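As structure tokens, the structure follows; a few thoughts come after it.
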Amino acid sequence: PEPMPPQLAFMFTKISPEQKMYMWNIYTLIFVLECLDVVLYWALLKYGLMLGISFGASTATFGVIMIALCIQNVYILHDVIHGAT
């Protein structure tokens, strides 16, 4: 908007290449954690009953972690795509 209010100017600032690479590294980390969450879910389903962990607890654990990671995935990817262009 014109004139630009000072409290909104940061929203329209282009990110630096260093910031873009930092966010890309975080995005990669989130992807790896999502993959590891699937492995954790498999392990909980395979070995959880021996440890007294039910199917519901395994699924809830997987779901809570995956939901949090997916939300961060969307935010970071959005910032990388729009901030880099």
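Residue numbers run from 1 in the order of the sequence given. The structure displayed is predicted, hence computed values, not measured ones.
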Say you draw a straight line from [atom1] of [X] to [atom2] of [Y]; how long is it, rounded to the nearest 0.5 Å?
X     : Y     : atom1 : atom2 : value
Phe62 : Asp37 : CZ    : CG    : 5.0 Å
Leu77 : Tyr27 : CG    : OH    : 4.5 Å
Leu36 : Leu69 : CG    : CG    : 9.5 Å
Tyr47 : Trp42 : OH    : CH2   : 4.5 Å
Leu33 : Leu40 : CG    : CG    : 11.0 Å
Thr59 : Leu44 : OG1   : CG    : 9.0 Å

- prompt: Taking a hydrophobic cluster as the set of Ile, Leu, Val, Met, Phe, Trp and Tyr residues connected by side-chain heavy atoms closer than 4.5 Å, whether directly or through intermediates, do Ile26 and Phe31 fall within one such cluster?
  reply: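 Looking at the clustering, Phe31 is in a separate group from Ile26.
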query: Between Leu29 and Ile65, is there a shared hydrophobic cluster once you connect ILVMFWY residues whose side-chain heavy atoms come closer than 4.5 Å?
result: yes
Tyr41 and Phe55 aromatic ring geometry - parallel, tilted or perpendicular at 30°/60° bounds: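 Aromatic pair Phe55/Tyr41 classed tilted.
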Distance-minimising heavy-atom pair for [X] and [Y]:
X     : Y     : value
Gln72 : Ile30 : CB-CD1, 3.8 Å
Met66 : Glu34 : CE-O, 3.4 Å
Ser58 : Ile53 : OG-CG2, 3.5 Å

